[in-house]
Amino acid sequence: MLRACLDCGMAVDGNVTHCPKCDADLAAQTDGSVLHADIAHQRETIPVALHKLQQALEEARSGHARAVRLVVGRGLIRDEVHRQLSWLKHSGEVLDFDHDEGNTGAIVIQLRRGARKG
Ligand SMILES: [Zn+2]
């Protein structure tokens, strides 16, 4: 998958960490956008919902999104997603997460951009 360097506009391969033209840290670049995903309204089981959470995070990381807004509903899926996100925050994969303003059925996840550990 190709992505564009936001600093110089060069099209670079998605696996490349630094722009070959201007040496920008590509993983740290964000256009401030928010990726939207609904993981709780197609009768998902908890494993399926957690898989969709992971997919949404990967999709956001491979693009330029700053955050992910995740619709989780108000049931068990939300509890499990909270558990998973707490762990991801602890391990440093996400910066932070919180309820969407005024909507307890949605979570906004702030992504960690920049060099990944390991
Ligand atoms: Zn560049």
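By convention here, the first residue in the shown sequence is residue 1.
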- Please list, chain by chain and in numerical order, all residues satisfying side-chain hydrogen bond (donor to acceptor under 3.5 Å, both in side chains) with Asp96, sequence neighbours excluded. Lys89
- For His41 and Val71, work out which heavy atoms get closest and say how close. CE1-CG1, 3.3 Å
- Task: Run through the side-chain heavy atoms of Ile, Leu, Val, Met, Phe, Trp and Tyr, join any pair under 4.5 Å, and report what else lands in Leu2's cluster.
- Result: none
- Note on the structure: side-chain hydrogen bond (donor to acceptor under 3.5 Å, both in side chains) filter on Glu59, not counting sequence neighbours, yields none
- Are any side-chain N or O atoms of Arg113 and backbone N or O atoms of Ala65, one a donor and one an acceptor, separated by less than 3.5 Å? yes
- Correct closest heavy-atom pair for Gln29 and Cys5 would be NE2-SG, 3.5 Å
- Message: Show the nearest heavy-atom pair for residues Thr104 and Arg74, with the distance to one decimal.
- Response: OG1-NE, 3.4 Å
- Linking directly or through intermediates, with side-chain heavy atoms under 4.5 Å: list the remaining ILVMFWY members grouped with Leu76, chain and number order. Leu35, Ile39, Ile46, Leu50, Leu53, Leu57, Val68, Leu70, Val72, Ile77, Val81, Leu85, Trp87, Leu88, Val94, Phe97, Ile107, Ile109, Leu111
- Taking only residues two or more places apart in sequence, or in another chain, which ones meet His82 in a side-chain hydrogen bond (donor to acceptor under 3.5 Å, both in side chains)? none
- Sorted by chain and residue number, the salt bridge (charged side-chain N to carboxylate O under 4.0 Å, His left out) partners of Arg83 (sequence neighbours excluded) come out as Glu80
- Message: Asp38: which residues meet the salt bridge (charged side-chain N to carboxylate O under 4.0 Å, His left out) condition with it, sequence neighbours left out?
- Response: none
- Could you list the residues that satisfy salt bridge (charged side-chain N to carboxylate O under 4.0 Å, His left out) with Lys21, not counting sequence neighbours? none
- Distance in Å, Leu26 CG paired with Ser62 OG, rounded so as to fall on 0.5 Å steps: 12.5 Å
- For Ser33, what residues pass the side-chain hydrogen bond (donor to acceptor under 3.5 Å, both in side chains) criterion, not counting sequence neighbours? Asp31
- Item | For the student: nearest non-hydrogen atoms of Ala4 and Gly9, plus distance | CB-O, 4.3 Å
- side-chain contact (heavy atoms from CB on, under 4.5 Å) involving Val108 - partner list, sequence neighbours excluded: Ala67, Arg69, Asp100, Gln110
- Item | Interatomic spacing from NE2 in His51 to CD in Glu44 - rounded to 0.5 Å | 11.5 Å
- Task: Give the minimum heavy-atom separation between Arg3 and His64, together with the two atoms involved.
- Result: NH2-CD2, 3.0 Å
- Are Cys22 and Met10 close enough that some pair of their side-chain heavy atoms sits under 4.5 Å apart? no
- Listed partners of Arg78 passing salt bridge (charged side-chain N to carboxylate O under 4.0 Å, His left out), at least two apart: none
- Item | Residue pairs, two or more places apart or on separate chains, that pass salt bridge (charged side-chain N to carboxylate O under 4.0 Å, His left out) and touch residues 4-15 | none
